[in-house]
Q: 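This is the structure, below, for whatever I ask next.
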Amino acid sequence: MTTGTETDVFEEHRPVLLGVAYRMLGRVADAEDVVQEAWLRWSSADRSEVREPRAYLVRVTTRLAIDRLRQVKARGETYTGPWLPEPYVTDFGDTVPDTAERAVLADSVSLAVLVVLESLSPLERAVFVLREAFGYPYGEIAVMLDRGESAVRQLAGRARKHVEERRPRYEVDPTQRRDLTERFLAAAAEGDLEGLMSLLAPDVRLVGDSGGKAKAPLRVLETADHVGRFIVGAARKGVDELSWRFLEINGGIAVLALSGGKPDSVFQLDVVDGRVQAVYIMRNPDKLRSLAAH
């Protein structure tokens, strides 16, 4: 039987545990399952031997996430069309008052970074998340993963190099991103191809994730002309009983489009030098379920 104090301790650390699990897995439901399993481990643990609850819980959550990630990779599941992480509502609120820390957390959960993290090994991903997103010392990470510190440093170096080589450059100025998103919406709604093209970088990319369960491009679209024409064409077809609202998704402003009050799609822009560098559109209904309450 758990006590109120034990439950309170776990709930205090739940946001961090969910943050670790989601960055490891890129899937909200899987992350929540892992955190639930961590709760079961915590509720049955001999807490007289637990000196640092947060460290213990992060260690358990990380190891469970590694196991889950290995299972997914072992299954070798195929995915129809481009893959994007499941949209994750991030509202740090007053829990992360420091601007620099907030920027690090937002970057570590961004769609661009999570796509790159998918190509890391489970151990590399764990080390990267714990070190780069949450700032754990190498020694503590070594204990969590039951590895030597030198091995953890090597894993961290490989992971960091891999991510830096592959992650797109983008800016996180929220005001600029919001302004460009609003102008993008207006141009698309008006069918203003010329106005839309003026917002797009020449080498803009559009990544649509439908999982084969909704209408979206089955390959990445490239160049302003292709992306602009696709957006205008999609806007002309319209969505029944369309409404939309702004949300903070994966550390940045995004638009949740609803059809008859139910989530239809999410789109988000990456911005570089005042132009749209990437357009992410998520339409897989399985990945939108968690947004129904928002």
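No hydrogens, no waters, no symmetry mates; every other heavy atom, side chains included, goes into these values.
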Q: Should the ring pair Tyr88 and Tyr22 be called parallel, tilted or perpendicular, given that the plane angle runs from 0 to 90° and is split at 30 and 60?
A: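 Rings of Tyr88 and Tyr22: parallel, as their planes differ by under 30°.
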
Q: Is the terminal nitrogen or CZ of Arg178 (NZ for Lys, CZ for Arg) located under 6.0 angstrom from the six-membered ring centre of Phe246 and within 45° of that ring's axis?
A: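 Because its charged atom sits under 6.0 Å from the ring centre and within 45° of the axis, Arg178 does stack over Phe246.
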
Q: If you count the non-hydrogen atoms of other residues, nucleotides and ligands that lie under 6.0 Å from CD in Glu165, is the total more than 12?
A: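 Count over threshold, so yes.
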
Q: Show every donor-acceptor pair shorter than 3.5 Å between a side-chain atom in residues 152-160 and any protein atom, with sequence neighbours excluded, or say none if there are none.
A:
residue : atom : partner : partner atom : Å
Arg153  : NE   : Glu149  : OE2          : 3.4
Arg153  : NH2  : Glu149  : OE2          : 3.2
Arg158  : NE   : Glu124  : OE2          : 3.1
Arg160  : NE   : Glu132  : OE2          : 2.9
Arg160  : NH2  : Glu132  : OE2          : 3.1
Arg160  : NH2  : Tyr138  : OH           : 3.1

Q: Would you list the pairs meeting side chain to side chain donor-acceptor pair (under 3.5 Å) in which at least one residue belongs to residues 194-203, sequence neighbours left out?
A: Asp203-Gln277

Q: side-chain contact (heavy atoms from CB on, under 4.5 Å) with Val35: which of Val60, Leu57, Leu17?
A: Leu17

Q: For Leu120, does its backbone N or O pair with a side-chain atom of Arg125 as donor and acceptor, under 3.5 Å?
A: no

Q: So, the side chain of Arg283 versus the backbone of Gly208: is there a donor-acceptor pair under 3.5 Å, distance only?
A: no

Q: Among Lys213, Glu86, Arg27, find the residue that satisfies the side-chain contact (heavy atoms from CB on, under 4.5 Å) test when tested with Asp286.
A: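 Result: among Lys213, Glu86, Arg27, Lys213 is the only option passing the side-chain contact (heavy atoms from CB on, under 4.5 Å) with Asp286.
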
Q: Is a side-chain donor or acceptor of Thr90 paired with a backbone partner of Gly251 at a separation under 3.5 angstrom?
A: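 Checking the backbone N and O of Gly251 against the side chain of Thr90, a donor-acceptor pair under 3.5 Å is found.
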
Q: Hey, is the main chain of Asp179 close enough, under 3.5 Å, to the side chain of Arg183 for a donor-acceptor pair?
A: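 No, because the side chain of Arg183 does not come within donor-acceptor range (under 3.5 Å) of the backbone of Asp179.
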
Q: For Arg167 versus Val113, what's the shortest heavy-atom pair and its separation?
A: NH1-CG2, 3.4 Å

Q: Do the side chain of Asp209 and the main chain of Leu84 share a donor and acceptor less than 3.5 angstrom apart?
A: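 Yes: the side chain of Asp209 pairs with the backbone of Leu84.
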
Q: For a quick test of your reading: what N or O donor-acceptor pairs under 3.5 Å do the side chains of residues 221-229 make, sequence neighbours left out?
A:
residue : atom : partner : partner atom : Å
Thr223  : OG1  : His226  : N            : 3.4
Thr223  : OG1  : His226  : ND1          : 3.2
Asp225  : OD1  : Arg229  : NE           : 2.8
His226  : ND1  : Glu222  : O            : 3.0

Q: Is it true that the side chains of Asn250 and Tyr280 contain a donor and an acceptor less than 3.5 Å apart?
A: no

Q: Between Thr61 and Val34, is a side-chain contact (heavy atoms from CB on, under 4.5 Å) present by the stated rule, with each step listed?
A: CA-CA 6 Å; Thr61 299; Val34 161; 3.8 Å; yes

Q: To the nearest 0.5 angstrom, please state how far the OG atom of Ser110 sits from the CG atom of Asp270.
A: 7.0 Å

Q: Give the minimum heavy-atom separation between Ala65 and Met24, together with the two atoms involved.
A: CB-CB, 3.8 Å

